[in-house]
2 protein chains.
Amino acid sequence: MKDVVSRCPIEETMRVLSGRWPTLLLYYLKDGTKRFSELRRDNPTVSHRILALELRKLEDAGIVRRTARPGYPLHVDYDLTAPGRRLVPLIDALGSWWERTEDDRTGQVSPMLETYSGTATVETITSAS
Amino acid sequence: MKDVVSRCPIEETMRVLSGRWPTLLLYYLKDGTKRFSELRRDNPTVSHRILALELRKLEDAGIVRRTARPGYPLHVDYDLTAPGRRLVPLIDALGSWWERTEDDRTGQVSPMLETYSGTATVETITSAS
DNA sequence: TCCTGGTTACAGAATTGTGCGTAATTTACA
DNA sequence: TGTAAATTACGCACAATTCTGTAACCAGGA
């Protein structure tokens, strides 16, 4: 998704959140500040380069804040901004939606049920990785 | 995003919604049944191949229902399933989140609110029961 | 030399666009 | 009475574009 076709906020949002890493990073940062190397250890399948690029994208979108401490060895902290924290429950809701949809597919929940209470938690994410 | 790294519902969701088209298609289908050619007219920058692939992906995910009428000329209808309709307000909320975030960045109110029916807020989503 | 958090260059993988083919029926025209 | 063309929703092969990974390099102090 190099450039955008409309200027719609939904497309802008998806431009930032698209892909495997943005939502995962959001979850790893949800509980507090993390360093670059910690994020890498949390998810060893991200390459060094891509992690740097994704973090920069999230930073540019105002979701993540980057704090570099002067001096060597380098020390850089990442944490969520206020908008980033507001985003977390929305992503949670998407996870709950998916689970509910799976229930619909497997027929475990009455298809007549119209309402829904989402209860996605951090465990949903962290226990699966 | 070819394959998945965890089995978490959020990653599954993002695998389906990632990219420019899925959320846009959701919006074009929001108001009712559309034919393949209508969807193409609605958004002339999608190639027919990609539109077909994206629609199939959404169908496989249980978001969109495809109904082919026998006979020629071909006639295929697309509309949202119940899970697809449940997804719409969540996507709306992401759009609202983006606008709110922009307000934070610029300190101004975005004039684009009319284009999208994004009236959902974090509260309406997370407190849905 | 190692450490950390990056960036750059290049290569290989993945995604996307282009254009052509296909089906059965209707309409258009000579 | 032919017959040619248009229609619709794709599938396929191939080319162009874009994304991702690998490896090397940088900084300056312990």
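Proteins come first, then strands; the chains are lettered A, B, ... in the order of their sequence lines, and each starts at number 1. Just so you know, these numbers come straight off a predicted model, no measurement behind them.
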- Note on the structure: note: A:Arg40, atom CZ; C:dG5, atom P; distance rounded to Å ~ 11 Å

- Item | Interatomic distance where CD1 belongs to B:Ile50 and C1' belongs to D:dG11 [whole Å] | 13 Å

Return the polar atom pairs (N/O with N/O) between nucleotides 7-10 of chain C and the protein under 3.5 Å, or none.
from, atom 1, to, atom 2, distance (Å)
C:dT7, OP1, A:Arg56, NH2, 3.0

- Nearest-nucleotide wise, let me know which of B:Leu55 and A:Glu54 is further upstream toward the 5' end of DNA chain D. B:Leu55

- Item | Positive for side chain to side chain donor-acceptor pair (under 3.5 Å) with B:Asp79, one of B:Lys30, B:Arg65, B:Lys34 | B:Arg65

- Note on the structure: When rounded to the nearest 0.5 Å, the distance separating CG of B:Leu55 from CG of B:Leu51 is 4.5 Å

- Rounded off to whole Å, could you give me the CZ-to-P distance for the B:Phe36 and D:dT7 pair? 16 Å

- Message: What verdict does the salt bridge (Lys or Arg N to Asp or Glu O under 4.0 Å) test give for A:Glu38 and A:Arg41, after you've listed the backbone C-alpha separation in whole Å, the side-chain angles of each residue and the deciding distance to 0.1 Å?
- Response: CA-CA 5 Å; A:Glu38 291 179 284; A:Arg41 270 192 295 277; 5.4 Å; no

- Interatomic distance, A:Arg40 atom CZ to A:Ser37 atom OG [nearest 0.5 angstrom]: 9.5 Å

- Message: Could you measure the distance from the CD atom of A:Glu11 to the OG1 atom of A:Thr13? Nearest 0.5 Å is fine.
- Response: 10.0 Å

- Query: At their closest point, which heavy atom of A:Pro83 faces which heavy atom of B:Trp97, and how far apart are they?
  - Reply: O-NE1, 2.9 Å

- Query: Quick one: is D:dA9 close enough that its OP1 or OP2 comes under 4.0 Å of any side-chain N or O from B:Arg66?
  - Reply: no

Check the interface with nucleotides 23-29 of chain C: list each N/O to N/O pair with the protein under 3.5 Å, or write none.
none

- B:Ser18 versus B:Pro22, closest heavy-atom pair with distance: O-CG, 3.6 Å

- Task: Would you kindly give the CD-to-C1' distance between A:Glu38 and C:dC3, to the nearest whole Å?
- Result: 15 Å

- Query: Taking NZ, NE, NH1 and NH2 as the nitrogens, is one of them in B:Glu12 or B:Arg15 under 4.0 Å from a carboxylate oxygen of the other?
  - Reply: yes

- Message: Nearest whole Å is fine: how far is D:dT8 P from B:Tyr78 OH?
- Response: 14 Å

- Rounded distance in Å - CZ (A:Arg20) to P (D:dG21): 8 Å

- Query: Tell me: CG of A:Leu51 to P of C:dG5, nearest whole Å?
  - Reply: 10 Å

- State which of D:dT22, D:dC10, C:dT16 makes the closest approach to the side chain of A:Ser47. D:dT22

- Query: A:Asn43 has an atom CG; how far is it from atom C1' of D:dT20, in whole Å?
  - Reply: 15 Å

- Item | Selection residues 34-78 of chain A - residue pairs positive for ring pair (Phe, Tyr, Trp, His ring centres under 6.0 Å), sequence neighbours left out | A:Phe36-A:His48

